[in-house]
Number of protein chains: 2
Amino acid sequence: MPRYESEFPPFFVTVDLVILTIRDGELCVLLVERGGEPFQGRLALPGGFVHIDEDLRDAAYRELKEEAGIGKRHVVLEQLGTYGAPHRDPRDRVVTVAWLALGSDLPEPRAGTDAAAAEWLPVDRALSRRTRLAFDHRQILVDGVERARAKLEYTGYAAALIPQPFTIGELHAVYESVWGQDLDRANFQRKVVGLPGFLKDTGQSREGGKGRPARLFTADHTAALAPPFMRS
Amino acid sequence: MPRYESEFPPFFVTVDLVILTIRDGELCVLLVERGGEPFQGRLALPGGFVHIDEDLRDAAYRELKEEAGIGKRHVVLEQLGTYGAPHRDPRDRVVTVAWLALGSDLPEPRAGTDAAAAEWLPVDRALSRRTRLAFDHRQILVDGVERARAKLEYTGYAAALIPQPFTIGELHAVYESVWGQDLDRANFQRKVVGLPGFLKDTGQSREGGKGRPARLFTADHTAALAPPFMRS
DNA sequence: CCAAAAGTGTTGCTCCTACACCCATGC
DNA sequence: GCATGGGTGTAGGAGCAACACTTTTGG
């Protein structure tokens, strides 16, 4: 029998996911339309209740699979923060642990999900005035995007946003999409290949495109980038 | 009546605090001795249950006051992460939101606290093999210290660890204590005064010590440091 | 005077920026 | 050949590490 129950209040604990990927050169987030109250009909981050014997990270992976059809091998997952304002859910006391997931080549939302209506939305649009998200999900999304932007500076996270192997040009496009800013192509090339422990040359090339074939690399997205890339 | 109760399990939610300060030139953390089960007699991070109508940050501030006698104006508080492995508390399902607090001139633990035995322990000692902390608090402490170290690189957090106003020498000592590494005094001086928007010269000097009097500065600990300080 | 701590100068090197330029492919 | 994207060269400058030096106080 729980020892604390008489004395302390029970909470509901959920996980919510900020799932980011690049589609058509734009940074996009997966949103689902809520089928029930509260906030019925509004767009929300995918997520759900944590099970009683489940680790928080496992709950995030489970929701990733259930709501988005994405397996754990296709994303990098990191804890973003926990949101627990007393009335963030108008009906109960719900504390949510938000997670940031970065992936590439993620499936069109549909296969075997609860959420009937799920869609990839460019983050600019998801954060525009006209889009009203459920709960405090706008804030969570803002925090997630900012975290992703910051992490590109000093980790190899960008590599999680494109299928491997990739060309330097593709990696360059990821940085420009996420940061929304132009970066000198030539200097980018030198800098990124010179970073110790980040890229691994496969020896292959991408044939068949326009122009000179590009070398293909794989990358370790857990690598620390030193010195960091700067946005400015 | 809660809508979700029949369907989803209740959790207990706590906050735990990694409170860091500099004492005698060493980075120290506040630990309390547990008075009851579980883990009776072991050292633990201060913390406690979140109230039913309380924001998570407010709960952290309340525990800071109750367990350590520290008011919110004396620290900088930021969310560190949430820990919720199923059996981290052997008796109930408890999810804890950990917070990192940095302060200066913090009181000796005693005044009006529940925790009879609280003490400042150098971080090195708190993380040594011989010290066994309750729950998963060792991991939380490790994460907190690493976060603090990282944040000194690109924010003005160091200023939160010394009383204001302070001299460059004192700030220098903070960096060396937290990073456990020597930094060239002369280069430190130039770099830190040159960072835009970080230090503000008060026009005063610290008299009465040995050697030439040092200028006194105040700082904005929320400042972003660009370019960042590097540890290497 | 000397010791001690604050603060400045200087030098050589590294890295970055802003280009210009060459390379390898498809058509 | 030309267009297109990949990749390298280079000159100038900004910033940094290392260390010598000067300044201002107390005794």
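Computed from heavy atoms alone, side chains included, the values below leave out hydrogens, waters and symmetry copies. Lettering follows sequence order; numbering is per chain, from 1. As the structure is a prediction and not an experimental result, all values here were calculated from the model.
- Between the CG atom of A/Leu171 and the P atom of D/dG6 there is a distance of 12 Å, given to the nearest Å.
- B/Leu199 and B/Ala219 make their closest contact through CD2-CB, 3.7 Å (heavy atoms, listed as atom of the first residue, atom of the second, distance).
- In this structure, the separation between CZ on A/Arg206 and CD1 on A/Ile168 is 11.5 Å, given to the nearest 0.5 Å.
- Taking atom CD of residue A/Gln189 and atom C1' of nucleotide C/dA18, one finds them 16 Å apart after rounding to whole Å.
- Here C/dA5 presents its P atom at 20 Å from CZ of B/Phe166, a figure rounded to the nearest Å.
- Regarding B/Met230, its CE atom lies at a distance of 17 Å from the P atom of C/dT14, rounded to whole Å.
- Taking atom CG on B/Asn187 and atom P on C/dA6, their separation rounds to 15 Å, with Å as the unit.
- Within the structure, ring pair (Phe, Tyr, Trp, His ring centres under 6.0 Å) pairs that include any residue of residues 190-228 of chain A do not occur (at least two apart or interchain).
- At whole-Å resolution of the value, CD in A/Gln204 and P in D/dG6 are 17 Å apart.
- When rounded to the nearest whole Å, the span between CZ of B/Phe188 and C1' of D/dA18 equals 17 Å.
- In this structure the side chain of A/Leu100 never reaches within 4.5 angstrom of the side chain of A/Lys151, judged on heavy atoms.
- In the model, B/Glu78 has a side-chain atom that pairs as donor or acceptor with a side-chain atom of B/Tyr157 under 3.5 Å.
- In summary, the side chains of A/Tyr83 and A/Asp16 do not present any donor paired with an acceptor at a separation below 3.5 Å, with no hydrogens or angles considered.
- With rounding to the nearest 0.5 angstrom, the NE2 atom of B/His172 is 5.0 Å from the CG atom of B/Leu183.
- When the nearest nucleotides of DNA chain D are assigned to B/Glu207 and B/Pro228 by heavy-atom distance, the more 5′-ward of the two goes with B/Pro228.
- With hydrogens and angles ignored, no donor-acceptor pair closer than 3.5 Å exists between the side chain of B/Arg190 and the base of D/dG15.
- In this structure, A/Gly208 reaches neither bases nor backbone, as no heavy-atom distance under 4.0 Å exists between it and the strands shown.
- If you check C/dC16, C/dT17, D/dG6 against the side chain of A/Lys191, the one that comes closest is C/dC16.
- Listed by residue number, B/Lys210, B/Gly211, B/Arg212, B/Pro213, B/Ala214, B/Arg215 are the residues of residues 210-220 of chain B with a heavy-atom contact under 4.0 Å to DNA chain C.
- Closest to the side chain of B/Arg185, from the set D/dA17, C/dG7, D/dC16, is C/dG7.
- Rounding to whole angstrom units, CG of residue A/Asp184 and C1' of C/dA20 are separated by 11 Å.
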